[in-house]
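Atoms within each ligand, like the ligands themselves, are counted from 1 in listed order.
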Amino acid sequence: RVRVRGLSIFRPIIYGNTAVVLHQNERDVLPTPDHTHRWTVAVRSAASAPDSDVVGGADDLSYFIKRVTFKLHDTYTNPNRISETGWGEFEVQIRVNFVAESGEKAITFYHHLKLHPWTVSGSSEPENPPLDVAAKLGPVHSWQYDEIVFNDPFQSFLNILIAH
Ligand code: SLL
C-alpha cells in the first residue's frame, strides 16, 4: 500500500451535547430519582449539504468512520452510552475508529458535558439558575467544531475521502 507523502487532508466535524431538565413526573419513574437532566452526546459531520441548512446527519461520517465510542463518568455502571440521564457535568471521552482501509489509528478526545445554562444578569457574577428556571430556558447546547487531519494518507483511503 502506498502513502501519499507530504499530503494532509481533513474532514470537519462537530461534537458535543444537548441537555434538557427532566419534569418531575419523568424523574418519578426513573430508577435514579436524583437524576435531574436527560442529555445526548454526538459526533456529526460539519460538512453540510449544499441545499440544506441542516448540519450533519445520522451516518454521514460512516464512509471514513467505523465506530464512535463514548465513555462516561465512572459513576455510570454502563459507561458506553450516548443518551442518558444524570445530575452532573463531567468529561465525556470520545473515541473514533476509522474504517479498516484507512490504516489510521483510533483518536481520542474529550467533551465537557454541559447541563447548566449559566446566566449573567446585570453586573453580578454568573449563576447557575435553579431547575425550574433552567427548565423554562429550554435545552442547553454545547457543540465544538474541529477537523480530523490525515497526514500522508494511503492512496486508497485518499480515494475514498475525495470520492465522497
Ligand atoms: C460533579 N464531578 O460532581 C462531577 C461528577 C458525575 C455525574 C459528575 C451520575 C449518574 C449515576 C451522574 O450524573 N454523574 O450515578 O447514575 O458534578
Side-chain angles (χ1 to χ4, degrees), residues 8 10-49 52-100 102-151:
S8 291
F10 73 87
R11 285 295 173 263
I13 59 163
I14 50 170
Y15 63 92
N17 79 278
T18 63
V20 292
V21 176
L22 291 168
H23 294 117
Q24 189 58 51
N25 57 354
E26 297 174 282
R27 292 181 60 176
D28 290 343
V29 297
L30 287 180
T32 47
D34 61 324
H35 286 194
T36 49
H37 294 74
R38 181 181 303 283
W39 50 258
T40 300
V41 288
V43 176
R44 300 232 156 94
S45 172
S48 54
S52 165
D53 52 8
V54 179
V55 175
D59 60 0
D60 52 4
L61 295 170
S62 59
Y63 69 98
F64 74 100
I65 288 178
K66 181 172 67 183
R67 184 171 62 244
V68 179
T69 326
F70 300 92
K71 187 171 182 302
L72 310 184
H73 194 262
D74 292 336
T75 48
Y76 286 96
T77 40
N78 176 1
N80 296 317
R81 308 286 198 88
I82 59 170
S83 195
E84 252 297 356
T85 60
W87 47 262
E89 300 184 341
F90 58 92
E91 298 296 312
V92 180
Q93 187 196 87
I94 304 175
R95 194 174 174 79
V96 172
N97 288 83
F98 299 102
V99 293
S102 73
E104 297 284 337
K105 292 197 195 85
I107 58 171
T108 300
F109 48 96
Y110 291 84
H111 168 67
H112 185 87
L113 183 75
K114 180 174 161 77
L115 303 184
H116 305 302
W118 290 85
T119 53
V120 183
S121 49
S123 56
S124 57
E125 293 297 305
E127 58 182 23
N128 179 11
L131 278 179
D132 57 326
V133 176
K136 291 196 183 77
L137 292 172
V140 165
H141 296 272
S142 177
W143 296 94
Q144 295 286 317
Y145 174 87
D146 208 346
E147 293 166 353
I148 301 180
V149 182
F150 303 104
N151 297 312

Where does ligand 1 get N/O contacts under 3.5 Å from the protein, atom by atom?
{"from": "ligand 1", "atom 1": "13 (O)", "to": "Y76", "atom 2": "OH", "distance (Å)": "3.3"}
{"from": "ligand 1", "atom 1": "13 (O)", "to": "W87", "atom 2": "N", "distance (Å)": "2.8"}
{"from": "ligand 1", "atom 1": "13 (O)", "to": "G88", "atom 2": "N", "distance (Å)": "3.3"}
{"from": "ligand 1", "atom 1": "14 (N)", "to": "T75", "atom 2": "OG1", "distance (Å)": "3.0"}
{"from": "ligand 1", "atom 1": "15 (O)", "to": "T75", "atom 2": "O", "distance (Å)": "3.3"}
{"from": "ligand 1", "atom 1": "16 (O)", "to": "H35", "atom 2": "NE2", "distance (Å)": "2.9"}

Supply the atom-to-atom distance E127 CD to T119 OG1, rounded to the nearest 0.5 angstrom.
-> 5.0 Å
Residue pair I14 / Q144, side-chain heavy-atom distance below 4.5 Å = no
For atom CD of E147, decide whether the heavy atoms of other residues, nucleotides or ligands shown that lie under 6.0 angstrom number more than 12.
-> yes
List in chain and number order the residues that pass side-chain contact (heavy atoms from CB on, under 4.5 Å) with P33, two or more places apart in sequence or in another chain; answer none if no residue qualifies.
-> none
Compute whether any side-chain donor of one residue and acceptor of the other, for T85 and R38, lie under 3.5 angstrom apart.
-> no
Between T32 and W87, does a side-chain contact (heavy atoms from CB on, under 4.5 Å) hold up when you go through it step by step?
-> CA-CA 10 Å; T32 47; W87 47 262; over 6 Å; no
